[in-house]
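Structure, as structure tokens:
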Amino acid sequence: MGLAAVVGVSAAALGLTRLVPPLRSADESFRDLAIAYFTPPAPQHPGIALVTLGEDLFATLACRSPVDRGFLADLVGTLEAAGVRAIGLDILFDQPTLPALDERLRQRIQRATVPVVAITALGDTALTEEQRRYLGRFLDGIPHGHANLAKDRLDGTVRWHVPRGPDGLPSFPARMAQLAGGAAGGEVPAEPFRIDWHARPSPDAPPFPTYPADMVGMLPRGWLAGRIAVVGTVLVGVDQHRTPLSVAGLSTPGVEIQAHALAQILDGRTSRDLSDGWVVALVLALSAAGVALAAAGWPVWLLVPASLLGLLALWAAALALFAQGGPLVAMMAPSAAWLGGIAAMTAHLSLKERTDRRSLMQLFANHVSQPVADEIWRERATFLAGGRPRPQELTATVFFSDIEGFTTVCEALEPEPLILWLEGYLDAMVRVVAAHDGIVLRFIGDAILAVFGAPVARTTQAEIDADAERAVRCAIQMGRELQELNKRWQAEGLPAIGIRVGIHTGPLVAGSLGGLRHMEYSLLGDTANTAARLEALGKTVGMRSSPHCRIVIGEPTWTAVQGTVAGLPVGEMALKGKRKAVRAWLVLDQEGEEVRPAAEAGE
């Protein structure tokens, strides 16, 4: 069961956290928080510089939108002169300005001595047909790549990069890496990849050297030499997007997102996420740990805080590992495995407990007192195996009672009144047995078979003697109870009865017999047989224990109760089926009505 729980919980944890949107969103949010606040510092990227067009620059340009093409042409020339390795223009040329300026920019790009890459848009981008035609004409003969960002459908956050469009067109960063000859391994990834965001050297420093476009001409040549210059706008509300870096509330400019993807391609880096194989191993391990914790059997008041503390420790460990430069562990699947393992095993143990309790109660609890039922359940581990009592040798007191003249009663009553009368009798006697901590095992017609001292084995002679005394006092009380029943029955016109009780204490084998459909707790051995024979012997005893009851007990029982109850020796008698004679005693109820000989009692 433990192995099945581990495998099932692990599969559910891995599947649900990837397929159920709220869980996947929670997983991504945890990643975002870790990236935003726990990424270890790193130097600015040495191969990329951002050249930004901000609000201060646009205030001086003749044309704001579309961006002044004359200024861009001059900027390309300035960057080329600064010794950059390549230039990327994250500006969409989908509308004309002055034809002369447009052509000047095209010629400047085409004649540049370093690669200059422009952006285009994929087919699902919201552009008019006229815009698409102009964009196609402008980019004719100019290297370009798509600048479309992959946004999560749940929250619109950019976490992945798609290096090739559906038609095979490279992305803007992929095209720059190709032309700049800097892709690690010489090839650009063909499949989408999770962006490994380049860290900042400090909270107030950007991950890439960043310079305003209008200041480029004044920079020392060495600041840009050998770098790829990525040009783009940094205007509030324009080309701004939600990324893991935006958790603090600030959106990330599109040009910076393109730079992060470009840096990852140039460095040949993959996401710092823990690999799938290790995730599966971690989930299995935490599921097993949760199952083991629940299987330890801790009480709920201790298990719940331990589970929560364990969960907090897992999250803290994951963040500490990432902050130290280790992999990023998405915590929803491991957390679900930990809690799921605990919940699954707890549910299994609870169900098993209910099943075991139901099995025990089917055997005992219909006819036992609550203290006995509690003791049986509390000590179940000592005698329960495989959901049923295992055979065991113990010393107990067996109680067997029968109604005198029951055949005559059956002949005097119709079936329905007979059953109602018998049910009333049995119900009253069972209550007496339960009140004395005995266990009624079964009814045999009008006879009652009960035991005192099972199924929890007694370990001392004092406990065995106490069971014997309870059995005898139970029989005495049954005689007293019968006096009240007879008075009521006689008032209702029903027959009065007497009972015989045989009690014997000794060793026996106890266990459950039967299968799934029917199972009984049975007593095997000489002690149970002797109790039944002692009850039958009562027919030959001339005295009564009380007006309506005759209690005959064996020598071991008398030894246990001698001095606490009164009795008369019946003598050594050979019982049917017994090789050796058995000394028997008649118990007397001295506190009840005067004891009379059987003949005087109307027998």
Side-chain angles (χ1 to χ4, degrees), residues 367-368 372 394-404 429-430 432-444 446-454 458 461-482 498-508 510 522-541 543-546 548-573 575-578 580-590 592 595:
H367 311 304
V368 298
V372 172
L394 46 79
T395 300
T397 298
V398 180
F399 176 107
F400 196 87
S401 73
D402 200 2
I403 297 177
E404 297 173 342
M429 297 303 106
V430 165
V432 175
V433 175
H436 289 80
D437 294 341
I439 297 175
V440 175
L441 297 182
R442 68 182 60 86
F443 302 128
I444 308 170
D446 61 305
I448 298 174
L449 174 62
V451 64
F452 294 76
R458 307 314 189 196
Q461 187 61 46
E463 292 176 332
I464 295 171
D465 293 347
D467 288 328
E469 183 177 349
R470 280 193 290 270
V472 172
R473 294 198 178 280
C474 172
I476 294 172
Q477 184 59 38
M478 288 173 68
R480 297 173 182 174
E481 187 75 17
L482 196 55
I499 62 172
R500 295 185 301 272
V501 179
I503 301 174
H504 194 65
T505 303
L508 48 82
S522 299
L523 306 176
L524 305 176
D526 188 61
T527 299
N529 293 332
T530 301
R533 300 291 183 262
L534 288 170
E535 179 274 321
L537 177 65
K539 296 178 182 179
T540 65
V541 178
M543 295 289 291
R544 286 182 177 273
S545 302
S546 61
H548 303 280
C549 180
R550 188 182 286 110
I551 306 167
V552 181
I553 66 176
E555 178 73 14
T557 306
W558 174 252
T559 301
V561 302
Q562 188 176 10
T564 61
V565 298
L568 297 173
V570 177
E572 288 190 1
M573 298 186 181
L575 298 179
K576 183 179 179 181
K578 297 283 291 179
K580 294 183 179 180
V582 175
R583 287 181 60 83
W585 295 77
L586 176 71
V587 174
L588 301 178
D589 181 7
Q590 292 184 320
V595 178

**Message:** Pair Phe399, Val501 - check side-chain contact (heavy atoms from CB on, under 4.5 Å), show working.
**Reply:** CA-CA 7 Å; Phe399 176 107; Val501 179; 3.5 Å; yes
**Asked** Can Phe443 and Ile448 be said to form a side-chain contact (heavy atoms from CB on, under 4.5 Å), step by step?
**Response** CA-CA 5 Å; Phe443 302 128; Ile448 298 174; 4.0 Å; yes
**Message:** Working note: Ile553 + Leu534, criterion side-chain contact (heavy atoms from CB on, under 4.5 Å); need CA distance, chi angles, decisive distance, verdict.
**Reply:** CA-CA 7 Å; Ile553 66 176; Leu534 288 170; 5.6 Å; no
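Partner of Arg550 under the side chain to side chain contact (heavy atoms under 4.5 Å, CB included) criterion, out of Leu537, Val541, Val587: Val541 alone.
Atom NE2 of His504 sits about 9.5 Å away from atom CD of Glu555, to the nearest 0.5 Å. Taking CZ of Arg458 as the reference point, atom CG of Leu394 lies at 9.0 Å (rounded to 0.5 Å). Taking CD from Glu404 and CG from Asp446, the interatomic distance works out to 10.5 Å, rounded to the nearest 0.5 Å. To the nearest 0.5 Å, the span separating OG on Ser401 from CE on Met478 amounts to 4.0 Å. In this structure, CD1 on Ile464 lies 8.5 Å from OG1 on Thr397, to the nearest 0.5 angstrom. Atom-to-atom distance recorded for Thr530:OG1 and Glu535:CD is 13.0 Å, nearest 0.5 angstrom.
Between Val570 and Leu586 the shortest heavy-atom distance is CG2-N, 3.6 Å. When all heavy atoms are compared, the tightest approach of Phe452 to Ala396 is O-CB, 3.4 Å. Here the shortest heavy-atom pairing between Gly479 and Cys549 reads CA-CB, 3.7 Å.
Residues Val398 and Leu449 have side chains in contact (heavy-atom distance under 4.5 Å, counting atoms from C-beta outward).
One N or O on the side chain of Thr557 and one on the backbone of Thr505 form a donor-acceptor pair closer than 3.5 Å. Although no hydrogens or angles enter the test, the distance criterion places a donor-acceptor pair under 3.5 Å between the side chain of Thr527 and the main chain of Pro507. Proximity of a side-chain donor or acceptor of Asp589 to a complementary backbone N or O of Ser546 within less than 3.5 Å is not detected.
Residues satisfying the salt bridge (charged side-chain N to carboxylate O under 4.0 Å, His left out) criterion with Glu469, sequence neighbours excluded, are Arg473. Remark: Gln562 engages Trp558 in a side-chain contact (heavy atoms from CB on, under 4.5 Å) (not counting sequence neighbours). Residues passing the side-chain contact (heavy atoms from CB on, under 4.5 Å) test with Ala532, sequence neighbours excluded: Phe400.
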